[in-house]
Amino acid sequence: MKQLVINGIAHDVDAPDDMPLLWVLRDVLGMTGTKYGCGIAQCGACTVHLGDQAVRACQTTLDMIEGQAITTIEGAAGNPIGAKVQTAWLEKEVVQCGYCQSGQIMSAIALLSTNAKPTDADIDDAMAGNICRCGTYVRIREAIHAAASL
Ligand code: FES
Ligand code: FES
């Protein structure tokens, strides 16, 4: 049994050490906001935070994370930057099908946490690992600039 602190709440988790965090979140804890896209760290749909760092939950196993604070999309609004990003996302009507958007938002929050006024190039660099089949990239960039101005 391991204890994980997710969005500020402690959870006791009975799962193997090598289980990816993505499956712990979705299958063990029923937190389905974090999405499965590729399973091989190529799409970004599963992005969550360990501390302030954006990580791919599909490639982050339980034994790598014990003792670290985890934030998922369900807890994103709990930090001021997360709330601004979600407001900007709505204002700019970023979402199309929505499947990639949890990961996009978590990567955007991680970017703005370390760079309060990112340039287009900073945004493209930070968001390069988050794929959107619907092609919402232009609106994502606009929303990140908007969030930086809130
Ligand atoms: S599901 Fe983790 S990066 Fe695609
Ligand atoms: S909004 Fe559909 S995959 Fe990004």
Side-chain angles (χ1 to χ4, degrees), residues 2 4-7 9 11 13 15-79 81-115 118-148 150:
K2 295 178 178 53
L4 302 182
V5 178
I6 304 171
N7 304 327
I9 297 170
H11 298 264
V13 173
D17 280 352
D18 61 353
M19 180 179 277
L21 175 59
L22 181 57
W23 304 129
V24 175
L25 293 171
R26 293 182 58 84
D27 292 352
V28 178
L29 298 174
M31 299 172 69
T32 55
T34 306
K35 302 304 185 196
Y36 169 71
C38 65
I40 53 171
Q42 296 297 305
C43 75
C46 66
T47 304
V48 299
H49 295 175
L50 280 188
D52 292 334
Q53 296 289 315
V55 300
R56 306 300 187 232
C58 69
Q59 294 294 303
T60 304
T61 52
L62 257 188
D63 56 354
M64 296 163 67
I65 58 179
E66 202 169 2
Q68 299 187 64
I70 300 158
T71 307
T72 69
I73 188 67
E74 289 90 347
N79 99 32
I81 294 173
K84 289 178 182 179
V85 167
Q86 290 189 321
T87 297
W89 241 247
L90 289 171
E91 282 179 358
K92 297 295 179 184
E93 299 184 344
V94 171
V95 176
Q96 194 161 319
C97 82
Y99 198 85
C100 72
Q101 296 291 328
S102 302
Q104 304 282 3
I105 286 171
M106 297 310 286
S107 289
I109 295 168
L111 166 62
L112 289 169
S113 297
T114 56
N115 182 348
T119 63
D120 284 349
D122 294 335
I123 293 170
D124 292 348
D125 188 47
M127 303 300 291
N130 288 83
I131 306 300
C132 176
R133 284 193 312 184
C134 301
T136 63
Y137 302 110
V138 173
R139 294 199 298 276
I140 287 171
R141 192 196 271 175
E142 288 175 359
I144 292 172
H145 283 306
L150 289 174

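Read the numbers this way: they start at 1 and go in the same order the structure lists the ligands and their atoms. Residues: numbered from 1 along the sequence shown. Hydrogens, waters and symmetry mates play no part in the numbers below; they use all other heavy atoms, side chains included. Keep in mind the model is a prediction, meaning the values are calculated, not measured.
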Chemist: With heavy-atom distances below 4.0 Å as the criterion, list the atoms of ligand 1 near Cys46.
Modeler: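 Numbered from 1, ligand 1 contributes 1 (S), 2 (Fe), 3 (S).
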
Chemist: Has Asp52 got more than 12 heavy atoms of other residues, nucleotides or ligands less than 6.0 Å from its CG?
Modeler: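 Open: at most 12 neighbouring heavy atoms sit under 6.0 Å from CG of Asp52.
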
Chemist: Need the ligand 1 atom indices (1-based, order shown) with element for anything under 4.0 Å from a heavy-atom of Gln42.
Modeler: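 Under 4.0 Å from Gln42, ligand 1 has these atoms: 3 (S).
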
Chemist: Does the side chain of Asn130 pick up a donor-acceptor pair with the side chain of Ser107 at under 3.5 Å?
Modeler: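 Yes, because at least one side-chain N or O of Asn130 sits under 3.5 Å from a partner of the opposite role on Ser107.
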
Chemist: How close do Ala148 and Leu112 get, counting heavy atoms only, and between which atoms?
Modeler: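 Minimum heavy-atom contact is CB-CD2, 4.0 Å.
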
Chemist: Please lay out, stage by stage, how Gln96 and Arg139 fare under the test side chain to side chain contact (heavy atoms under 4.5 Å, CB included).
Modeler: CA-CA 10 Å; Gln96 194 161 319; Arg139 294 199 298 276; 3.9 Å; yes

Chemist: Can you establish whether the number of heavy atoms outside Gln53 located under 6.0 Å from its atom CD is more than 12?
Modeler: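 Counting neighbours around CD of Gln53, 12 or fewer heavy atoms of other residues, nucleotides or ligands fall under 6.0 Å, so no.
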
Chemist: Against heavy atoms of Gln101, which atoms of ligand 2 measure under 4.0 Å?
Modeler: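 Here the atoms of ligand 2 in question are 1 (S), 4 (Fe).
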
Chemist: Is it the case that Thr61 and Asp17 place a side-chain donor and acceptor less than 3.5 Å from each other?
Modeler: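 No.
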
Chemist: What atoms in ligand 1 come closer than 4.0 Å to a heavy atom of Ala41?
Modeler: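 So the answer, numbered in order with elements, is 3 (S).
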
Chemist: Got a sec: is Cys97 within less than 2.8 Å of atom 2 (Fe) of ligand 2 via an N/O/S atom?
Modeler: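 Here the distance criterion (N, O or S atom, under 2.8 Å) is met by Cys97, so yes.
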
Chemist: Of all the non-hydrogen atoms in the protein, which one sits nearest to atom 3 (S) of ligand 2, and at what distance?
Modeler: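 Sorting protein heavy atoms by distance from atom 3 (S) of ligand 2 puts Arg133 N, 3.3 Å first.
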
Chemist: Go through ligand 2 atom by atom and flag the ones less than 4.0 Å from a non-hydrogen atom of Gly98.
Modeler: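 Close to Gly98: 1 (S), 2 (Fe).
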
Chemist: Working to 10°, measure the angle at atom 4 (Fe) of ligand 1 formed by atom SG of Cys38 and atom SG of Cys43.
Modeler: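 Between SG of Cys38 and SG of Cys43, at atom 4 (Fe) of ligand 1, the angle is about 110°.
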
Chemist: So does Cys132 have any N/O/S atom less than 2.8 Å away from atom 2 (Fe) of ligand 2?
Modeler: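 It does not; every qualifying atom lies at 2.8 Å or beyond.
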
Chemist: Under a 3.5 Å threshold, yes or no: a donor from one side chain and an acceptor from the other, between Thr136 and Gln101?
Modeler: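 Gln101 and Thr136 do have a side-chain donor-acceptor pair below 3.5 Å.
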
Chemist: What part of Gln59 sits under 4.0 Å from ligand 1 if we count only heavy atoms: the side chain, the backbone, both or neither?
Modeler: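 Neither; no heavy atom under 4.0 Å.
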
Chemist: Out of the candidates Ile6, Leu50, Val48, only one should pair with Ile65 under the side chain to side chain contact (heavy atoms under 4.5 Å, CB included) rule; please name it.
Modeler: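 Single pass found, and it is Leu50.
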
Chemist: Enumerate the atoms of ligand 1 whose separation from the nearest heavy atom of Gly44 is less than 4.0 angstrom.
Modeler: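 That gives atoms 3 (S), 4 (Fe) of ligand 1.
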
